[in-house]
Amino acid sequence: MASVPSLAATVNQRVADALSAALPEAGAADPLLRRSDRADFQANGMLALAKKLKGNPRELAGKVVDAIGADGLLKEVEVSGPGFLNITVADAAIVETLAARAADDRLGVPRKDTPGTTVVDYAQPNVAKEMHVGHLRSAVIGDALRNMLDFTGEKTIGRHHIGDWGTQFGMLIQYLIENPDQLAAPAADTDGEQAMSNLNRVYKASRAVFDSDEEFKERARKRVVALQSGDPETLDLWQRFVDESKIYFYSVFEKLDMDIRDEEIVGESAYNDMMAETARMLEEAGVAVRSEGALVVFFDDIKGKDDKPVPLIVQKADGGFGYAASDLSAIRNRVADLDATTLLYVVDVRQSLHFRMVFETARRAGWLNDRVTAHNMGYGTVLGADGKPFKTRAGETVRLEDLLDEAVQRAAEVVREKAQDLTEDEIRERAAQVGIGAVKYADLSTSPSRDYKFDLDQMVSLNGDTSVYLQYAYARIQSILRKAGETKPVAHPELALAPAERALGLHVDAFGDTVAEAAAEYAPHKLAAYLYQLASLYTTFYDQCPVLKADTPEQVENRLFLCDLTARTLHRGMALLGIRTPERL
């Protein structure tokens, strides 16, 4: 079923046609339509046209009004100010368009005409290290982007480029070979948390020895060579770390209510066999050159903090490979083997310089081109209430599980306070949905490139721009629909709409355009802002427009229809952000 155009799109086309009819000398012109607080829409395009045609904008606007004509779509079009058009849509047109939305499972969200394949690189924890608050944004933003892109018809492939290779594993493995008693197998550790805690402790101990003992450092470096060359003893220990870490990763992602597929966990190690070939290809193409024994790529226009050109090191002078080699090999794999048309990286903004150099190198090599593009979704830092990077009181990085557990605990207090006829099991289930939703929404409602403060008290508040406010609006609608009993939602285009009904209806109708725009711009915060405004408009509607006690049976049905469609829109929008909408709160 083809999506019915939004009212904004329909009105925009009507004004554009009128522009062409009234002013054929202007050619194709953009009406510059936007929502307005003086009418439903305002078209500002006449000002630019008047300047182009050297005419009076109010006179030109008058000609356009005459050309628009009257029908069931528009209630009123008037010239305002220096030549704006204030446009009011007919009540019947709003309800009829919403009825088309309600008949569409996609609620008006269009599918892309030419979908491609986007590889989303996100949620990249490190093997043998506990996940901390710094891992939150990549996971949450990446998951929401995949949901949105998938829903608009794009094929997405996830890639979790976990840190599972390199010097730190030579260090860790060598330490355990020399101190085999340091990693006892934990009993009944179903979520891997105890094993990961042990690994994390051992990692810190091995790092301390590595930094203080030159002889151990040399043995660790030789162990890296053994790992890269496939030594069985070394690989066995390495595989144990990876397997135990994955169990732990899955438990954390499960708390985040995210589906992580094992085949999409493709770490740095997966590209080990490609790195030498990547280096050879770059050198033979003249993209990379030898400098002081290392293989590097130079850039005139990419500079570091000291404003000096920064080279990308593909291969070190000792023959070892670093992040650049694995990232470039990953691009080759994703383009050639996965047939990607877009590469989307959800990584810390502090890695922006690195990825800028990697992408430019890949372009010079021909791996990225007009058909295949790469984008770095650099995200900001999670800050504490003091505006500084989020730390524990002891100054350590906050463990992600601890943060999520505290969010659920705080949410349980809110749910228990509001709970009506909920069992203790239901309260726990709702608390998880509310607490995790609160953490996700706080992240997603902020522009990815900005830092944000992690304030649990605000996140689980029923007031303000929070997911709890949105969830409560959804639960309130479900309560009304239950109380309606046998009375069902029915659209009645013949009824006049109150101002709050009009405002809510026009906003519901904009859902499809908003999702399409947010997905195309990789901007989940735009969808979050839309949903918050939707819940706010519903609250105004709820306060001003009695539903079950409306004046006539038809008005009851029509308002139930608005309630039901608002709930479906909230549910779908929140799901795209990866947030649950409980039926009762």
Side-chain angles (χ1 to χ4, degrees), residues 1-14 33 35 40-41 71-75 87-113 147-148 150-153 470 473-474 477-478 480-481 484 488-520 526-538 540-542 545 547 554-577 581:
M1 175 179 177
S3 292
V4 175
S6 66
L7 281 166
T10 303
V11 171
N12 190 74
Q13 188 60 54
R14 177 64 58 84
L33 192 78
R35 287 299 308 275
D40 294 334
F41 300 99
D71 64 9
L73 174 65
L74 304 179
K75 178 181 179 182
I87 302 167
T88 302
V89 179
D91 289 351
I94 294 175
V95 178
E96 286 167 358
T97 303
L98 292 180
R101 292 277 168 274
D104 176 12
D105 287 341
R106 300 180 56 78
L107 300 176
V109 178
R111 289 186 180 274
K112 294 175 71 171
D113 293 332
N147 292 339
M148 291 161 56
D150 282 337
F151 196 64
T152 57
L470 273 62
Y474 177 81
I477 296 173
Q478 295 306 316
I480 291 172
L481 294 173
K488 300 302 177 186
V490 179
H492 284 278
E494 74 279 5
L495 295 179
L497 297 178
E501 292 177 291
R502 289 180 56 84
L504 178 61
L506 286 166
H507 193 68
V508 167
D509 181 57
F511 179 64
D513 291 346
T514 302
V515 172
E517 178 184 328
K526 290 193 172 184
L527 176 56
Y530 168 89
L531 294 171
Y532 172 61
Q533 189 178 358
L534 177 62
S536 300
L537 289 168
Y538 180 78
T540 302
F541 162 82
Y542 179 83
C545 303
V547 177
E554 291 78 16
Q555 195 173 50
V556 171
E557 291 179 338
N558 200 56
R559 288 180 176 172
L560 281 173
F561 165 73
L562 281 173
C563 287
D564 183 55
L565 188 53
T566 299
R568 288 175 57 193
T569 304
L570 277 170
H571 176 76
R572 173 65 74 186
M574 294 283 271
L576 291 176
L577 295 180
T581 41

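Nothing fancy with the numbering, it's 1 onward along the sequence. Given the structure is predicted, the values throughout are model-derived calculations rather than measurements.
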Stepwise side-chain contact (heavy atoms from CB on, under 4.5 Å) test for Ile87 and Leu33: CA-CA 10 Å; Ile87 302 167; Leu33 192 78; 3.9 Å; yes
Would you say the side chain of Tyr474 lies within less than 4.5 Å of the side chain of Met574, judging by non-hydrogen atoms? no
For Ala102 and Phe561, which heavy atoms make the closest approach, and how far apart are they? CB-CE1, 3.7 Å
Does Tyr530 reach the side chain of Thr569, with side-chain heavy atoms less than 4.5 Å apart? yes
Are the side chains of Asp71 and Arg14 in contact, using a 4.5 Å heavy-atom criterion? yes
I want to check something: taking the side chain as every heavy atom from C-beta on, are Arg111 and Arg106 in contact at a cut-off of under 4.5 Å? yes
Spacing of CG belonging to Leu98 relative to CG belonging to Leu504, to within rounding of 0.5 Å: 8.5 Å
Do you know which two heavy atoms are closest between Arg572 and Asp105, and how far apart they sit? NH2-O, 3.7 Å
Is it true that Asp40 and Lys75 make a salt bridge, defined as a side-chain N closer than 4.0 Å to a carboxylate O? no
Only one of Leu73, Asn12, Asp513 clears side chain to side chain contact (heavy atoms under 4.5 Å, CB included) with Leu7; which? Leu73
Can you tell if the side chain of Ile477 reaches within under 4.5 Å of the side chain of Asp564, non-hydrogen atoms only? no
Close side-chain approach of Asn147 to Phe151, heavy-atom, < 4.5 Å: no
Has His571 got more than 12 heavy atoms of other residues, nucleotides or ligands less than 6.0 Å from its NE2? no
Roughly how far, to the nearest 0.5 Å, is CE of Met148 from CG of Leu577? 7.0 Å
Taking it one step at a time, do Phe541 and Thr566 satisfy side-chain contact (heavy atoms from CB on, under 4.5 Å)? CA-CA 11 Å; Phe541 162 82; Thr566 299; over 6 Å; no
Between Arg101 and Ser6, which heavy-atom pair has the shortest distance, and what is it? NH2-CA, 3.1 Å
Measure the spacing between CD of Gln555 and CG of Leu560 and express it to the nearest 0.5 Å. 11.0 Å
Which heavy atom of Thr10 sits nearest to which heavy atom of Pro5, and what is that distance? OG1-CB, 3.8 Å
Can you pull the salt bridge (charged side-chain N to carboxylate O under 4.0 Å, His left out) pairs that have at least one residue in residues 554-563, sequence neighbours excluded? Glu501-Arg559
Is Tyr538 close to Leu534 at the side-chain level, that is, under 4.5 Å between some pair of heavy atoms? no
Could you tell me the separation between the CG atom of Leu481 and the NZ atom of Lys488, rounded to the nearest 0.5 Å? 9.0 Å
Using side-chain contact (heavy atoms from CB on, under 4.5 Å), reason through Asp150 and Leu576 one step at a time and then give a plain yes or no. CA-CA 9 Å; Asp150 282 337; Leu576 291 176; over 6 Å; no
In a table with atom names and distances, give each donor-acceptor pair under 3.5 Å that connects a side chain of residues 90-97 to protein atoms at least two apart or in another chain.
residue	atom	partner	partner atom	Å
Asp91	OD1	Arg502	NH1	2.3
Asp91	OD2	Leu497	N	2.9
Thr97	OG1	Ala93	O	2.8

Roughly how far apart are Leu570 CG and Phe511 CZ, rounded to 0.5 Å? 9.0 Å
Sub-4.5 Å side-chain heavy-atom contact between Val4 and Asp104: no
How long is the straight-line distance from OG1 of Thr581 back to CZ of Arg568, given to the nearest 0.5 Å? 13.0 Å
